[in-house]
Amino acid sequence: MKKLKLYCVIIGNALNRRQSLFSFMFKRKERYTDGVKWKFLEHKGPVFAPPYEPLPSNVKFYYDGKHMKLSPQAEEVATFFAKMLDHEYTTKDIFRKNFFKDWKKEMTSEERSKITDLKKCNFTEMSDYFKAQAEARKSKTKEDKLKIKEENERMLQEYGFCVMDNHKERIANFRIEPPGLFRGRGDHPKMGMLKRRIRPEDIIINCSKDSKHPVPPPGRKWKEVRHDNKVTWLVSWTENIQGSIKYIMLNPSSRIKGEKDWQKYETARRLKKCVDRIRNQYREDWKSKEMRIRQRAVALYFIDKLALRAGNEKEEGETADTVGCCSLRVEHIKLYPENDGQEFVVEFDFLGKDSIRYYNKVPVEKRVFKNLQLFMENKEPDDDLFDRLNTSILNKHLQELMDGLTAKVFRTYNASITLQQQLKELTNVEENIPAKILSYNRANRAVAILCNHQRAPPKTFEKSMQNLQTKIDAKRDQLADAKRELKSAKADAKVRRDEKSKKYVSKAVQRIEEQLMKLEVQATDREENKQIALGTSKLNYLDPRISVAWCKKMGIPIEKIYNKTQREKFAWAIDMAEEDYEF
DNA sequence: GAATGGACTTAGTACCATAGGT
DNA sequence: ACCTATGGTACTAAGTCCATTC
């Protein structure tokens, strides 16, 4: 009786917690309609990068073959370069030029007058010193490593959490970005520039008036303390490379992020209800008398069919030259009236977000093809394909078609609906768990391919594939042996009327067969995944309730699909979705 | 309607702890 | 018990989209 009671209390607590989580979510919506994000916010402020520690005097810098003692400021920047010496980009002209220019700004006038050529700088002693340090760190004793771990944990406990409206929440990034050399992605015009050290005087603190305000380091001041409850960030500062603002915000597991995430998928589900209408509409618009409407309609077709990003304009020379749908240029597509037996093929070849290449050959409808020919008439390769269109025009149009609709909703919608369809198509309740998981990963993969989520093939890919193959071969041999053994055991059983060893061996055969299967599945999965990153779509595009429902239907433990962090992020969905959930 | 600033989501990669094999 | 491939995570860059200002 006592035990039962205790059990009820525990369950009761769990239920209360869940209910409160959700009633809280719903209530909020009613409570704050005017953009208010919280009523109470308290935190400890950011953790700054550790101060620069000058090099020991035996680690020398040489200019033009001669030893030269650098001022601390100049030395610090020099170490940034030294740490990157093994990277290919320190050989790039732009990187070196940007670095040298910014480095000179940190030098004393004396240093500046002496050091005039980067090629004459010798950083190798510094570089070797840091390599040795990294080595030393790796080979530290268990106790030392434990100490570091404990210290990290202490920092996390002290600075890694905040209180927002009665909830203790995890902070995503409580450490200020340390100084260093900027390395953008792709061909970035600012690579190599000095990312300066952030001081308390650069920091804006956001918290509620009635909270215990974070305290700046001794003798220092914050730039500002404000109490803006219309935003979700706790700390901000302006970064010096692009002049943009950086923020400290909450972890994806937090209420405020979870709610927003949920909202995102609800918007995508609303699109599901009216996507047919919208598709009919843009097909009609391909015939419009107005060029701007035709362009809008063709762009939307690409966004819908190919899950392209919106493509905002970018300031030339400030960032790498990348494009999205609305910013496509004539040079990014090729038209083939006929290609490999298909009619009206468009070949896309451009660099998208993060300078990831998008390459695709797709047959399109005749009207789209004719329109594209029209848009390209009398244009140079570097002219805009959609010269009468930009993201603002497109999104205004989308807003009229559905409340809250923007270009990126199509990516979310198409990703999620693809997962749902693929899961239906690929999985079979009868199969065993590894086979089901392979199917899940394949469905996930279909989405990643749609969204063009790529990764550099792991450096150890070939080797690890080989290792796996060796294992598979070994397992095959083992299976063959076991089968032979089973045969003789069967014969034995007949003669001696002893079923025991036969049963035992047959169990072993079964076990080995399963192991072999698992390995083979693993090999297939890995091979197919060579250049594809599943994480991004899983984290940002797939309605988690689809996966949760699928797990329930297929009898798969959720842990097989989502790791701990992911389960925390998707806690709302794990609680919410039933077996019959439909996106 | 163009430019700018601001807030927030989405993105790939480097690094590190650790699981799982020897 | 030791070693190493792998998964998980931290990091921070690079997008989207909206509001504001001129």
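Nucleotides of DNA chain B with any atom under 4.0 Å from a heavy atom of chain A span, from 5' to 3', B:dG6 to B:dG21.
Contact annotation for A:Pro178: backbone-only contact, meaning every heavy-atom pair under 4.0 Å involves sugar-phosphate atoms and none involves a base. Within the nucleic acid shown, A:Thr232 comes within 4.0 Å of sugar-phosphate atoms alone, with no base atom in reach, counting heavy atoms only. When heavy atoms are screened at a 4.0 angstrom cut-off, A:Arg170 is found touching the sugar-phosphate backbone but no base atom. In this structure, A:Gln454 reaches the sugar-phosphate backbone alone: every heavy-atom distance under 4.0 Å involves primed, P, OP1 or OP2 atoms, never a base. Among the heavy atoms of the strands, none lies under 4.0 Å from A:Lys190. Backbone-only contact: A:Ile356 has heavy atoms under 4.0 Å from sugar-phosphate atoms and none from a base.
A:Phe48 places its CZ atom 18 Å from the C1' atom of C:dC11, with the value rounded to the nearest Å. Note: CD1 (A:Ile171) to P (C:dC11) measures 13 Å, nearest angstrom. Summarising the geometry, the separation between CG on A:Asp187 and C1' on C:dA13 is reported as 16 Å, rounded to the nearest angstrom. Between the NZ atom of A:Lys569 and the C1' atom of C:dA10 there is a distance of 15 Å, given to the nearest Å. Following rounding to the nearest Å, A:Ile176 (CD1) and C:dC11 (C1') show an atom-to-atom distance of 13 Å. Note: CG (A:Asn173) to C1' (C:dA13) measures 13 Å, nearest angstrom.
Remark: A:Glu158 engages A:Lys44, A:Arg154 in a salt bridge (Lys or Arg N to Asp or Glu O under 4.0 Å) (not counting sequence neighbours).
Of the candidates A:Asp382, A:Asp321, A:Asp383, A:Arg329 forms a side chain to side chain donor-acceptor pair (under 3.5 Å) with just one, namely A:Asp321.
Of the N and O atoms on the side chains of A:Tyr265 and A:Arg545, not one donor lies less than 3.5 Å from an acceptor on the other residue. A donor-acceptor contact closer than 3.5 angstrom links the side chains of A:Tyr282 and A:Asp304. Defined by atom type and a distance below 3.5 Å, a donor-acceptor pair is missing between the side-chain atoms of A:Glu313 and A:Ser327.
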### Task
Starting from the C-alpha separation in whole Å, work towards a yes-or-no answer on side chain to side chain contact (heavy atoms under 4.5 Å, CB included) for A:Phe350 and A:Tyr359.
CA-CA 7 Å; A:Phe350 62 89; A:Tyr359 180 82; over 6 Å; no
#### Entry: Intermediate values then yes/no, side chain to side chain contact (heavy atoms under 4.5 Å, CB included), A:Ile241 and A:Lys195
CA-CA 7 Å; A:Ile241 304 290; A:Lys195 211 171 101 161; 4.2 Å; yes
### Audit row: A:Trp233, A:Ile204, side chain to side chain contact (heavy atoms under 4.5 Å, CB included) steps and yes/no
CA-CA 10 Å; A:Trp233 54 267; A:Ile204 301 175; 3.9 Å; yes
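Residues from residues 557-564 of chain A placing a heavy atom under 4.0 Å of any atom in DNA chain B do not occur.
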### Task
Determine, for nucleotides 14-22 of chain C in 5'-to-3' order, which nucleotides have protein heavy atoms under 4.0 Å from the base (write B), from only the sugar-phosphate (write S), or from neither (write -).
BSBBS----
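The aromatic rings of A:Phe95 and A:Tyr89 are tilted relative to each other, their planes meeting at an angle between 30° and 60°. Below 30°, between 30° and 60°, or above 60°: for A:Phe81 and A:Phe99 the angle between ring planes is below 30°, a parallel geometry.
Sequence neighbours left out, the pairs with a member in residues 385-403 of chain A that pass salt bridge (charged side-chain N to carboxylate O under 4.0 Å, His left out) are A:Lys379-A:Asp387.
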Check nucleotides 1-5 of chain C against the protein and report each pair of N or O atoms closer than 3.5 Å, with its distance, or say if there are none.
{"residue": "C:dA5", "atom": "OP1", "partner": "A:Lys463", "partner atom": "NZ", "Å": "3.0"}

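A:Lys168 forms a cation-pi arrangement with A:Phe161, by the criterion of a distance under 6.0 Å to the ring centre and an angle within 45° of the ring axis.
Heavy atoms only, all atoms of each residue included: A:Ile198 and A:Glu177 are closest at CG1-O, 4.3 Å. A:Met402 and A:Cys274 make their closest contact through SD-SG, 3.6 Å (heavy atoms, listed as atom of the first residue, atom of the second, distance).
Ranked by how close their nearest DNA chain B nucleotide is to the 5' end, A:Ile148 and A:Lys260 are led by A:Lys260. Comparing A:Cys451 and A:Tyr247 against DNA chain B, the residue whose closest nucleotide sits nearer the 5' end is A:Tyr247.
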